[in-house]
Amino acid sequence: MLTGKRILLIVTGGIAAYKSLEAIRRLRERGASVRCLLTRSGAQFVTPLSLQAVSEQKVYSDLFSLTDESEMGHIQLSRDADLLLVAPATADILARMTHGLADDLATTALLATDKEIMVAPAMNVRMWEHLATRENLATLRKRGVHVVGPNAGSMACGEFGEGRMAEPDEIVAAVERYFSADAPLAGRRALVTSGPTHEPIDPVRYIANRSSGRQGHAIAAALARLGAETTLVSGPTALPDPEGVQVVRVESAAQMLAACEAALPVEIAVCAAAVSDWRLAASANQKMKREGRDALTLELSQNPDILATLSTAGASRPALVIGFAAETEKVLEHARQKRARKGCDWIVANDVSAETGTFGGTDNTVHLITTDSDNPENWPRLSKHDVAERLARRIADSFSGAVAAA
Ligand code: CTP
């Protein structure tokens, strides 16, 4: 999958430009967003309107357009992408890239980028075989440019030989291979719970807690960055949806459990939500009135334990289930007991006493208990983002065999 990946597709002037439309469609089907940049000669073969229709994004084409520059500078255009893909890449654009020319928007973006570049050459067989093209391509490869295709076959010009642009499927596969090189969790599915839950008292009141959802959201984002197809089931938070993550918003613990069960099967489950332990035995359908109630007693009943449910889910139990133990005293002792009681594989223990500022704050000091519960890892005080990165890497290592999962 290419969930959340941003591709800047540069379409240059070759008859194969029509295949780029299909490539855009397939890249988007895999979850990527595709922004197109069309060269002047590319526009002889495919129209900006067609590219805009299939990409559902504005198409960029003119370096000196005042409106384009004010909306999205040519430097920003390449910086905002995860990969620049030139398809079709003519002999001309390969030559211009080799020499570092920057006389139109495409070459300027290619020269200004700090991201990697992939090209799908497409040209007549004689142009492909010409020493100039061979040498240009060798130079580009040496600089780290990725090349997909070309294939041999009959050409639009009537000749037969090498130079046909790779098929859209082959281009998409090359893009996926490129991203999976730093995506050790590619092909794996992950589920993360995050945030508090709200348990209704009546239509306007609820029981909640101080969880901000920052840690859980950061973990979902970190797992997605490592390539996992990630579902985040989040209670009410003020946070934006993490990039590349499928977010399911819920309010109560019962809804959170239902959303988690709907996301199965997954290989990785991280329960970072601060799920309310209790809910109203029966919430009121109408707003409760103050009049005549000097004191109020609410009857609560226990909520389902999502972590314990996932840990004992039989055939659909995730291979690695990770819980959090938010404690205010005897942190490690309570965390060990919690791990055993709930049946999860790893537990991340943290001290959430008021003085630590962890609950609702930006930093976290955690202890990771994996298989060897006598020897927890004591991590230094880190930002929640860094805790998430480190945890996601540990998860990836456990799947690559570097660390035993359980
Ligand atoms: N958890 C859960 N569902 C619940 C309660 C907790 O999934 N109904 C998960 C949390 O997401 C966390 C772990 O269980 O991963 C521990 O949560 P915590 O609130 O510390 O544990 P409790 O079982 O509620 O224990 P206590 O509040 O008594 O410490």
Side-chain angles (χ1 to χ4, degrees), residues 190-200 206-220 223 230-237 248-264 266 268-281 300-313 316-318 320-354 356 358-360 364-370 373 376 384 387-388 391-392 394-395 406:
L191 166 67
V192 180
T193 68
S194 181
T197 61
H198 286 183
E199 307 299 329
Y206 54 82
I207 299 175
N209 60 60
R210 294 183 195 282
S211 168
S212 65
R214 282 203 189 98
Q215 189 63 82
H217 276 57
I219 291 167
L223 289 170
T230 307
T231 302
L232 171 67
V233 179
S234 174
T237 74
V248 183
R249 292 174 181 283
V250 296
E251 299 221 329
S252 66
Q255 291 169 354
M256 187 173 272
L257 176 62
C260 287
E261 287 179 328
L264 296 178
V266 299
I268 303 153
V270 183
C271 291
V275 183
S276 170
D277 290 329
W278 298 279
R279 66 174 183 281
L280 266 279
L300 305 178
S301 51
Q302 211 172 95
N303 264 328
D305 189 316
I306 298 166
L307 177 61
T309 308
L310 292 173
S311 298
T312 52
S316 51
R317 184 196 193 278
L320 179 62
V321 182
I322 304 175
F324 270 72
E327 307 294 340
T328 54
E329 55 169 353
K330 299 185 191 155
V331 176
L332 286 174
E333 190 185 321
H334 285 168
R336 281 192 196 97
Q337 289 164 358
K338 218 164 252 184
R339 173 169 172 258
R341 195 168 67 239
K342 304 204 182 210
C344 60
D345 302 304
W346 296 359
I347 201 147
V348 183
N350 57 353
D351 187 343
V352 293
S353 324
T356 64
T358 298
F359 231 57
N364 208 351
T365 310
V366 309
H367 312 270
L368 176 66
I369 302 177
T370 58
S373 91
K384 287 182 177 174
V387 167
L391 186 65
R394 286 298 312 267
I395 293 170

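Index from 1, following the sequence. Numbering of ligands and ligand atoms starts at 1, following listing order.
- Atoms of ligand 1 found under 4.0 Å from any heavy atom of Gly323 (numbered from 1 in listed order, with element): 15 (O).
- Judged by distance alone, the side chain of Ser276 and the main-chain N or O of Thr197 form no donor-acceptor pair under 3.5 Å.
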Could you walk me through whether Arg317 and Asp345 pass the salt bridge (Lys or Arg N to Asp or Glu O under 4.0 Å) check? CA-CA 11 Å; Arg317 184 196 193 278; Asp345 302 304; 3.2 Å; yes

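- Not one N or O of Asn303 is nearer than 3.5 Å to an N or O of ligand 1, by distance alone.
- Counting only heavy atoms from C-beta outward, the side chains of Lys342 and Ile347 never approach each other to under 4.5 Å.
- Of the possible polar contacts, none joining the Arg339 side chain to the Val348 backbone as a donor-acceptor pair under 3.5 Å is found.
- In the vicinity of Asp277, heavy-atom distances shorter than 4.0 Å reach the ligand 1 atoms 5 (C), 24 (O), 27 (O).
- Atom 17 (O) of ligand 1 has as its closest protein heavy atom Phe324 O, 3.7 Å.
- Regarding atom 4 (C) of ligand 1, its nearest protein heavy-atom neighbour is Val275 CB, 3.5 Å.
- At least one donor-acceptor pair closer than 3.5 Å links the side chain of Thr193 to the backbone N or O of Ala272.
- Paired with Ile306 under the rule side-chain contact (heavy atoms from CB on, under 4.5 Å), one option of Leu310, Thr309, Asn303 passes, and it is Leu310.
- Of the heavy atoms in Leu307, both backbone and side-chain atoms come closer than 4.0 Å to ligand 1.
- With respect to atom 23 (O) of ligand 1, the closest heavy atom belonging to the protein is Lys342 NZ, 2.6 Å.
- In summary, the atoms of ligand 1 found under 4.0 Å from a heavy atom of Ala326, numbered by their order in the structure, are 20 (O).
- One N or O on the side chain of Gln215 and one on the backbone of Lys384 form a donor-acceptor pair closer than 3.5 Å.
- For the ligand labelled ligand 1, residue Ala273 lies inside the 4.0 Å heavy-atom shell.
- The nearest protein heavy atom to atom 26 (P) of ligand 1 is closer than 4.0 Å.
- In this structure, atom 18 (P) of ligand 1 lies nearest to the protein heavy atom Lys338 NZ, 3.5 Å.
- In this structure, Glu199 contributes its side chain and Ala253 its backbone to a donor-acceptor pair below 3.5 Å.
- Between Ile306 and ligand 1, at least one N/O pair is under 3.5 Å apart.
- Note on ligand 1: His334 sits outside its first shell, no heavy atom being nearer than 4.0 Å.
- Nearest residue to atom 8 (N) of ligand 1 from Pro304, Cys260, Ala253, Ala272 is Pro304 (criterion: closest heavy atom).
- In summary, the atoms of ligand 1 found under 4.0 Å from a heavy atom of Cys271, numbered by their order in the structure, are 11 (O), 12 (C), 15 (O).
- Side chains of Asp351 and Ser353: a donor-acceptor N/O pair is present below 3.5 angstrom, by distance only.
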